[in-house]
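Note sheet for the following structure.
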Amino acid sequence: MIRPFLILCVIFLHCNGEFLSNKIRKFPDGFQFGASTSAYQIEGGWYEDGKGLSIWDIATHTDPSQIKDKSTGDVAADSYHLYKRDVEIAKELGLDFYRFSVSWPRILPKGFSEQINQAGIDYYNNLIDELLKNNIKPFLTMYHWDLPYELQKLGGWVNPYIIDWFVDYAKVLYDNFGDRVKLWTTINEPKQICYEGYGSTLKAPMLNVTGVAEYICAKNVLLAHAKAYHLYDEHYRKIQNGTIGISISCTWFEPASDTVDDHQAAIDARQFDWGQYAHPIFSKAGDFPLELKRNIALKSAEQGYPRSRLPELSASEICLIRGSSDFFGVNSYTTKLTYRDASLEGMYAVPSYMDDMAAVIISNPAWPQAQSTWLQEVPWGFHKILKEIMKLYDNPPVYITENGWSTSGGLLDEDRIRYYRNYLNVLLDAIEEGCDVRKFTAWTLIDNFEWKNGYTEKFGLYEVDFSSEKHNRTPRKSAYIYKEIIRTRTLDPTYEPEKFSV
Ligand code: GBH
């Protein structure tokens, strides 16, 4: 009983102590800024010009009630038709690069590379050419969650053959776009694909076989990524001369108290959340992290499984995965508090990912809250992630491939401005302390389909009018702030854009 009280005390000690001084701070030479989107969230054109169906087309059409506002991405921001306006926006902001994703079923309607949809190739060629014409570098993500439905029928990411299918798809992308695309992400957020899609119902395909499916998926995603990386490295890099990596969602988990148990709970939570994918790629030793192997093996044995529910990586697989990324793509938004409490045993299903992790995760009500329930503004947590990556993985080049804030709408988004300024401020601290952070990418360019939350959460620097067929885009106040940061390559906490001054 004393436990919740103690936790609450700790919570208030963690109050946000961040104060931005009025100092103007400069970004290092060569630091680059961008904004990010993903295909299903903005494109629409869900059944046009030969595109095949994705698991999100199926999820939104078969049971609309799974989506908060019963919406779909059928039209979304209509970027399939309005991509020129998107590039114009990127130009207005002065972006160095634009991170977008390719819809696998738009290129390969059945998932396999025996049939290429030329209209899909044309669409991305047009987008890439339009970007280059405007001096904006295309940063292409191969997979941001819209798996061809035909491949899902075969098990999707839990079928090991997907490793080959993904590499075949990657080859089509290198062959068609690699002459102009020099920045690549293979896979966006493995944990969200595996845990949210296969270990729960949070994302398509909503398989919900927790404790088993997300770990099989993890192994396959890592191998698919690594093989696509090596294909580029060995056969394309010499001619195409690009940079290729993976984007991993990193939440900071802070111990809720100073006890040894709570510290271990926080470490376990970080290793389950992102170490599961980062350790095999970026650590010196490779392989899944110790905490993951130990927890899952112990529980599996207790539960009577003949072997660990976490598949093993063989020595040659460990070798293949280790070092298979030119940069660490960090998608980071928020921080959670973590504690361990034996009395809560039985709180989670057995087996399950949550039970394996055995950490209780809570938020601090004192932290500023976004429209998305999971998102609180905690700049010091972002700082700790950057320092931890430097420490654990020998200071790899880091690209922040996503960071952003949601509101319920409106153009005057002071809280988004505060969020970006505070996060960029600690990013500059981290750089001064030696972290090799080279790029920052805002999530997101324009309002979009926020997965199961439909259109109820707005992350855009530009507002999209979804009520009109024109899908007009209008800059928010934060767009003017971001534009000035990029123009001056400095963070000036007192800058006010004329258009929004009172
Ligand atoms: C990104 O994922 C996606 O790449 C993008 O498509 C999406 O639109 C954007 O976020 C905004 O949601 O801290 O334990 O409660 C972010 C994935 C989902 C990771 C929520 C952190 C909270 C887990 N994030 N999750 S917890």
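Computation of the quantities below employed the complete heavy-atom set of this structure, encompassing side-chain atoms and omitting hydrogens, waters and symmetry-equivalent molecules. Just so you know, ligand 1 is whichever comes first in the structure, and atom 1 is the first atom listed for that ligand. Each residue takes its place number in the sequence, starting with 1.
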- Residue part near ligand 1, for Glu450, under 4.0 Å between non-hydrogen atoms: side chain
- Answer yes or no: is there a donor N or O on one side and an acceptor on the other, between the side chain of Asn403 and the main chain of Ser332, under 3.5 Å? yes
- Message: Below a 4.0 angstrom heavy-atom separation, can you tell me which part of Asp273, side chain or backbone, both or neither, approaches ligand 1?
- Response: neither
- Query: If you measure only the distance, is there a donor-acceptor pair under 3.5 Å linking the side chains of Tyr399 and Gln32?
  - Reply: no
- Would you say Gln41 and ligand 1 have an N/O pair spaced under 3.5 Å apart? yes
- So is there a nitrogen or oxygen of Trp451 less than 3.5 Å from a nitrogen or oxygen in ligand 1? yes
- Taking the inter-plane angle between the rings of Tyr174 and Trp184 on a 0 to 90° scale, is it parallel (under 30°), tilted (30 to 60°) or perpendicular (over 60°)? perpendicular
- Item | Sub-3.5 Å N/O-N/O distance, Asn448 and ligand 1 | no
- From Ser249, Ala269, Ser36 - option closest to atom 19 (C) of ligand 1 by heavy atom: Ser249
- Message: If the cut-off is 4.0 Å to any non-hydrogen atom of Glu402, which atoms of ligand 1 fall inside it?
- Response: 1 (C), 3 (C), 4 (O), 5 (C), 10 (O)
- Identify the closest protein heavy atom to atom 13 (O) of ligand 1: which residue and atom is it, and at what distance? Lys336 CE, 2.9 Å
- Message: Between ligand 1 and Asn188, is the shortest N or O to N or O distance under 3.5 Å?
- Response: yes
- Protein heavy atom under 4.0 angstrom of atom 23 (C) of ligand 1, is there one? no
- May I ask you to decide if the ring planes of Phe449 and Trp451 are parallel, tilted or perpendicular, using 30° and 60° as cut-offs? perpendicular
- Answer yes or no: does an N/O atom from Lys203 fall short of 3.5 Å to an N/O atom of ligand 1? no
- Message: With respect to Glu189, determine whether any N or O atom, backbone or side chain, lies less than 3.5 Å from an N or O atom of ligand 1.
- Response: yes
